[in-house]
Asks: 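What follows is a single structure, and I will ask about it in a moment.
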Amino acid sequence: MPNATRQPPLVAVVGRKHSGKTTLVVRLAAELGARGHRVMTVKHGTHTFNIDPSTTDTYRHYHEGHVAKVAMVAPDKFALIERHTEEPTLDSIVRRHMADADVVLCEGFTGSALPKIEIFRRAAHATPRIAPESDEFRHVRAVVTDDAGLSLPIPVFSLSAPDWLAGLATLVERELMMTT
């Protein structure tokens with residue numbers, strides 16, 4: 001049973017819309033998982049969502065039955081949908097559901113004080129999401145980019161380098177997960 005008071009390390013992956021945040025989270029999670037770490041993710045959305053279509057029984061339980069919680073259970077998965085009157089905090093979600101993670105990669109949460117990795121693709125946007133001269137930049141630990149000329153006082157991983165993902169995963173292990 002997970003320790004409900006444990007807070008695993010959290011790392012936010014941030015960037016502008018269509019910059020490649022999801023792709024970066026997926027690739028980094030796979031790399032860290034291949035290194036033997038138990039990786040979990042949280043995706044922050046700005047609007048509501050449905051994880052099951054209107055043709056399912058669980059959808060009917062939730063929407064027609066107005067239940068407080070509905071669980072979906074299968075031999076290989078478990079999902080829980082619960083009603084909230086206000087958005088739960090990231091810390092409460094992680095402590096309650098992800099305390100047994102070695103690291104939690106959080107997509108979004110740009111305004112948080114979490115350590116951040118920004119994905120910046122000049123092919124998609126003219127400037128990074130977090131300006132280097134901003135106060136927010138102090139939380140950015142690395143930038144992954146296609147901009148060969150980008151120079152910053154933090155590690156910059158070029159998407160054209162063959163080892164960028166391995167280098168980023170090592171940075172996460174050493175600096176953000178604080179492994180021994």
Side-chain angles (χ1 to χ4, degrees), residues 6-35 37-49 51 84-99 101-180:
R6 181 177 178 272
Q7 176 74 39
L10 307 175
V11 180
V13 173
V14 301
R16 293 188 185 277
K17 190 172 184 170
H18 302 297
S19 60
K21 295 181 298 293
T22 299
T23 299
L24 180 56
V25 167
V26 169
R27 292 194 64 191
L28 183 57
E31 177 69 20
L32 291 167
R35 293 178 180 207
H37 300 294
R38 186 169 168 87
V39 182
M40 299 183 190
T41 64
V42 177
K43 162 75 172 133
H44 186 255
T46 56
H47 50 81
T48 194
F49 61 90
I51 65 168
H84 293 277
T85 55
E86 58 186 53
E87 184 175 332
T89 66
L90 177 60
D91 286 344
S92 70
I93 292 166
V94 170
R95 283 195 175 108
R96 184 171 178 192
H97 301 287
M98 301 179 168
D102 293 329
V103 64
V104 178
L105 302 178
C106 306
E107 183 177 334
F109 300 95
T110 303
S112 73
L114 293 174
K116 295 175 180 59
I117 297 167
E118 177 161 358
I119 176 77
F120 165 56
R121 289 187 314 108
R122 183 154 314 269
H125 300 284
T127 60
R129 169 73 176 83
I130 301 175
E133 60 277 0
S134 74
D135 186 50
E136 268 184 279
F137 191 75
R138 73 180 188 276
H139 300 294
V140 180
R141 300 297 194 268
V143 174
V144 177
T145 186
D146 63 354
D147 184 348
L150 186 64
S151 176
L152 296 168
I154 59 173
V156 175
F157 295 91
S158 173
L159 287 165
S160 64
D163 62 345
W164 72 267
L165 183 58
L168 182 62
T170 297
L171 178 137
V172 169
E173 286 176 323
R174 291 184 183 159
E175 297 184 24
L176 305 176
M177 291 174 63
M178 297 172 234
T179 58
T180 56

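For this chain, numbers begin at 1 and follow the sequence in order.
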Asks: Using the rule given for side-chain contact (heavy atoms from CB on, under 4.5 Å), can you reason through L90 versus C106, listing the C-alpha separation, both sets of side-chain angles and the distance that settles it, and then say yes or no?
Replies: CA-CA 9 Å; L90 177 60; C106 306; 3.9 Å; yes
Asks: Looking only at non-hydrogen atoms, find the nearest pair between E136 and T110 and report the distance.
Replies: OE2-O, 3.4 Å
Asks: Please output the side-chain donor-acceptor pairs of residues 156-172 that fall under 3.5 Å, not counting sequence neighbours, one pair per line with the distance.
Replies:
residue: S158; atom: OG; partner: S160; partner atom: N; Å: 3.2
residue: S158; atom: OG; partner: S160; partner atom: OG; Å: 2.8
residue: T170; atom: OG1; partner: R35; partner atom: NH1; Å: 3.0
residue: T170; atom: OG1; partner: R35; partner atom: NH2; Å: 3.4
residue: T170; atom: OG1; partner: A166; partner atom: O; Å: 3.0

Asks: Distance check, rounded to the nearest 0.5 Å: T89 atom OG1 versus R96 atom CZ?
Replies: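 So the gap between those two atoms works out to 11.0 Å.
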Asks: Please name the pair of heavy atoms, one in R141 and one in H139, separated by the smallest distance, quoted to 0.1 Å.
Replies: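 That would be NH1-O, 3.1 Å.
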Asks: For S92, is there any backbone N or O sitting under 3.5 Å from a side-chain donor or acceptor partner on R95?
Replies: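 No, because the side chain of R95 does not come within donor-acceptor range (under 3.5 Å) of the backbone of S92.
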Asks: Does the side chain of L176 come within less than 4.5 Å of V103's, by heavy atoms?
Replies: no
Asks: In Å, rounded to the nearest 0.5 Å, how long is the span from CE of M178 to CD of E175?
Replies: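 The distance works out to 10.0 Å.
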Asks: Would you say that F109 contacts L10 through its side chain, given a criterion of any heavy-atom pair below 4.5 Å between the two side chains?
Replies: no
Asks: A side-chain contact here means heavy atoms from C-beta on lying under 4.5 Å apart; do H44 and E87 qualify?
Replies: yes
Asks: Indicate the atoms forming the closest heavy-atom contact of A123 with D146, along with that distance.
Replies: N-OD2, 3.1 Å
Asks: So, the side chain of S134 versus the backbone of A131: is there a donor-acceptor pair under 3.5 Å, distance only?
Replies: yes
Asks: To check you understand the geometry: which heavy-atom pair defines the closest contact between P9 and D102, and what is its length?
Replies: CD-O, 3.2 Å
Asks: Under the side chain to side chain donor-acceptor pair (under 3.5 Å) definition, can you give me all pairs with a residue in residues 8-18, not counting sequence neighbours?
Replies: R16-T127
Asks: Return each pair, listed once, that meets salt bridge (Lys or Arg N to Asp or Glu O under 4.0 Å) where at least one residue sits in residues 105-128; pairs must be two or more places apart or across chains.
Replies: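 Listed by first then second residue: K43-E107, R122-D147.
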Asks: So which atom in T41 and which in M98 form the shortest heavy-atom distance, rounded to 0.1 Å?
Replies: O-CE, 3.1 Å
Asks: Taking all non-hydrogen atoms of both residues into account, name the closest pair between P8 and V104 and its distance.
Replies: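 Nearest pair, atom of P8 first, then V104: CG-CG2, 3.9 Å.
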Asks: If I take atom CG from residue L105 and atom CG from residue L32, how far apart are they, to the nearest 0.5 angstrom?
Replies: 6.0 Å
